[in-house]
Amino acid sequence: MTEDRIRVALAGGAEVSVPHGTTAADALRALGERRIGETLAAKVGDRVVDLSRNVDADATIAPVFGDSPEGIEILRHSSAHLLAHAVKRLFPETQVTIGPVIENGFYYDFKRAQPFTPEDLERIEATMREIAGENIPVHRREMSRQDAIALFREMGEHYKVEIIEGIPDDHVSLYSQGDFTDLCRGPHVPSTGRLKAFKLTSVAGAYWRGDERNEMLQRIYGTAFPTPKELKEHLALLEEAKRRDHRKLGKELDLFSFHPEAPASPFFHPKGAIIYNTLVDYIRGLYRQYGYDEVLTPQILDVELWKRSGHYENYRESMYFTEADERQMAVKPMNCPSHCLLYAAGKRSYRDLPLRIADFGRLHRYERSGVTAGLTRVRSFSQDDAHIFCTPEQIDAEVASVVDMLFRTYDLFGFSERRIYLGTRPERSIGDVAMWERAERALRDVLERRGIAFDVHPGDGAFYGPKIDFCILDAMRREWQLGTVQLDFALPERFDLHFINADGKEERPVMIHRALLGSIERFMAILIEHCAGDFPLWLAPVQVRLITITDHQHAYAARVLVELRAAGLRAEADLRNEKLGYKIREAELHKVPIVLVIGDKEVASETVAPRRRGARTLPATDVPSFIASIAADARVGTQGGVP
RNA sequence: GCUGGCGUAGCUCAAGGGUAGAGCACCUGAUUUGUAAUCAGGCGGUUGUAGGUUCGAUUCCUAUCGCCAGCUCCA
C-alpha cells in the first residue's frame, strides 16, 4: 500500500484501498454500496459525517440511512435548515437563531417583528417543499471564527454573531444550500431533495437562550421522517393522543369540570369522584400492608411554620396566604411540616421507628397562569403523600420497601416500562454538603444493590435532599413522573426532631418523603389517557348496566339491580323505552365495562345475558354465577392489589 | 408571568355590521323493540364579561376573565 492510499472497510465485511482524501460517498461506492442515492451520511469509525467529507485515514465506514436513529436525526436537523431557508426566502428581514432536533421533530427560533400566523406556516411549508423539489446541494465549509463573525455580521444575523462569539474554537463550520448559509456543526443530508416527509406543526413564543429575561423569539415546530408513511403514522399517533386527551374524555364521561370561579382547580363529578376515591382506597389498602398510619392535618397554618421549614424562603411565590387574629397564615402547599409537628408531639423511642405517616391532605399551590393544564397541573390537589421517620440504619430497608410498593402499583395499572432518575443537590439547597453526599450515597446504594437501572439528573434534587423519581411510559409511549422518594436530613434538624436510642441518648431521625401515584389528579389524567377511558373493572364508575329490551322486564331488572348492589357492585339500570341497539351503543360510548341484557327469555329463566365492552354476547347465566365470575376483577385494586 | 391562538345552545360545530342555525343531548307523544343510533313534535342563546365605534355590534376596536399550544417555572 502506498502512502497516499488508505484502507476503508465495512464493519466485518469488504475492504478496499482508496486514495487518501476520497469522499465518504466514493469510499462507500468503492465498497459496493448500491443505495448511495438513499444514503444520508456516513459513519466513519464512530463519527457520523457528511457524504462529501474526505476520509483521510484507515477506517471502517458504514452508510447512514433514514431508518437509523442517526439518520432520522440528520433528516430532522436538515429539515430545520430547510425551514430556516424557506423563512429567509419568504421573509428576508427575519433573523435566524438556533434550530435543534428534539424528540419526534425539530424547531427553529426566529427573530421577526411580526409573529408568524398559521397561514404563514402553510406558506412556509409550501416553500420548504419547493426548495426540497429544487434538490439543492448542501455544502460544508470551515472558516475562522473571526471570518465567520464578520460574515454573519454583514448578513445582519446578530444572533448568529452572538452564538459564534460564545464558541471557543478557532474554526467553525458553515453549511450552505443555494443562497442560504447557516452556522452548524452538521452533519447534513447531501442535498435538499432527500427531505421528502416533513410537516410544520405549530408556532409559539420562546425566549432567546431559554431565559425569561431575554426577548421573545418566534419558534416554529415541525417534524420529519424518512418516508411519508412514517410521517403519516406519527400524525395519526398525534390524532390518537387528541382522542385520548383526558380533558375531552373527562367531559364526555362526566368525570370532572373546571370553572372560571376557581381557575385550574378541578370539580370532580360523582363518576370522577368514584375513580378518585377508589384510587385512594387502593393506596389505603397498601398502607395497611406496609405499616403506614394515616393522619389528618390542618389546611391553614402559621407562616412561621413555613419559614422554619424553608418553604417560605424557597416557594413563597407559589403559596396562598391569609390572615386571622392578626396572624399571617398560609394555606398548606405540602404536608411535611405538619408531620414534623405531629412527630414532635410525643417523646419518640427507637422502638417507634420507622414511623410512617400518610396524609391525603388537600394541597394548594399558586401555579403561574399559563403553566396549568387539565388535571396534570392544577392549583388544588392531593397526593398519596407520606413521610417516614427512621434511623439512618433503616433508610435502606425503607427505601427498598417503597420501591416494592411502587413497582407493584405500576404493574397493577399496566405501566410496565419505567425510567428511574436520581436527582442530586440543586443550586438552592439547605443542609451541608456532607449531609447531601451521605444522602445521595444512600439512595444510590439502594438502587444499585437491587440492580435497578437509573440515570442521574444532577441538580434535580429537592431543596432539602436528594431524590429518586420514578417515571413510566404510557400507552402512547409518553413519559410521566409518578412516584418519588426523597431523603431529608434537613427538616428533622430544623424542627429539632429526635428519638431516644437504645442507649437512652437523643438521636436525630431521618425523614423520607415519598409518593407512589404523586398527585391523584395528575395520576387520573395519566390513567385516563393510558386506558383511553376504558377503566379496569375495579375503577369503572359504573361497572354493570342492566338493559331491558321492553318494559315487560322492569320488575325483574329491579330485582337483579338490588342483588348486584348488595354484592357491592356499582350497577345501574337503563329502563328507557328505547331499542336495544340504542341502549347498547350508549353503554359503549360511556365505556361501561359490562352490560347485562334482560329480555323475556332471561326473565323466564331467571338469568342475565352479559356483554363485555367492545365484545359480543356471552352465554346467559344466573345472577349469583355472574357476580362470582367478576368478583375478583371488580375488587382487585381495593385491597391493595391483593385479590 | 411571556408569545400566539380560541371563547356562539348542556355537547360538537355553522353563519356573520341589519330578527343567530344544524346535529346530538334534554322534554312530550307514538312505537314494545334481542346486542353500536325508531319516528314525530317541543324546549333551549343578552354570541365569556365590561367599555368603545356605529342609526344599528354577536360580527369592528380596547380592556378583562377563562381555555389551548409553546416558553419560563414545578417543593
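These numbers come from the heavy atoms of this one structure, side chains and all, not from hydrogens, waters or symmetry mates. Here is the naming used below: chain letters follow the sequence lines, and residue numbers restart at 1 for every chain.
Residues that satisfy the ring pair (Phe, Tyr, Trp, His ring centres under 6.0 Å) test with A:Phe489, not counting sequence neighbours, are absent from this structure. Annotation: side-chain hydrogen bond (donor to acceptor under 3.5 Å, both in side chains) contacts of A:Glu493 (sequence neighbours excluded): none. Remark: A:Tyr315 pairs with A:Phe463 by the ring pair (Phe, Tyr, Trp, His ring centres under 6.0 Å) rule, at least two apart or across chains. Partners of A:Arg112 according to the side-chain hydrogen bond (donor to acceptor under 3.5 Å, both in side chains) rule, which considers only residues two or more places apart in sequence or in another chain, are A:Glu93. Residues meeting the side-chain hydrogen bond (donor to acceptor under 3.5 Å, both in side chains) test with A:Gln383, sequence neighbours left out: none. Every residue two or more places apart in sequence or in another chain that forms a side-chain hydrogen bond (donor to acceptor under 3.5 Å, both in side chains) with A:Ser257 is listed here: A:His259, A:His269.
Judged by distance alone with a 3.5 Å cut-off, no donor-acceptor contact links the side chain of A:Arg219 to the base of B:C71.
If you measure from atom CD of A:Glu215 to atom P of B:C71, you get 18 Å, rounded to the nearest angstrom. Put simply, OH on A:Tyr221 is 17 Å from P on B:G5, counting in whole angstrom units. Taking atom CE on A:Met216 and atom C1' on B:G70, their separation rounds to 8 Å, with Å as the unit.
At a non-hydrogen distance threshold of 4.0 Å, A:Pro333, A:Met334 from residues 330-338 of chain A come into contact with RNA chain B.
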Problem set entry | Protein proximity profile, nucleotides 8-14 of chain B - base contact B, sugar-phosphate-only contact S, no contact -, cut-off 4.0 Å on heavy atoms | ---SS--
Exercise. If the sugar-phosphate is the primed atoms plus P, OP1 and OP2 and the base is the rest, what is the B/S/- string for nucleotides 59-68 of chain B, using protein heavy atoms under 4.0 Å?
Worked result: -------SSS
With 3.5 Å as the limit, what N/O pairs link the protein to nucleotides 40-49 of chain B?
none

Between the protein and nucleotides 22-27 of chain B, are there any N/O to N/O pairs under 3.5 Å, and if so, what are the atom names and distances?
| from | atom 1 | to | atom 2 | distance (Å) |
| --- | --- | --- | --- | --- |
| B:A25 | OP1 | A:Tyr582 | OH | 2.7 |

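Using P as the reference atom, B:C2 and B:G45 are 36 Å apart when rounded to the nearest Å.
Paired with A:Asp469 under the rule side-chain contact (heavy atoms from CB on, under 4.5 Å), one option of A:Gln481, A:Arg419, A:His457 passes, and it is A:Gln481.
No side-chain heavy atom of A:Leu355 sits under 4.5 Å from any side-chain heavy atom of A:Ile388.
By the 4.0 Å N-to-carboxylate-O rule, A:Arg209 lies too far from A:Asp211 to be salt-bridged with it. Ion pairing between A:Lys248 and A:Glu252 holds under the 4.0 Å rule for side-chain N and carboxylate O.
Sorted by first and then second residue, the side-chain hydrogen bond (donor to acceptor under 3.5 Å, both in side chains) pairs with a member in residues 595-604 of chain A read A:Gln553-A:Asp600; sequence neighbours excluded.
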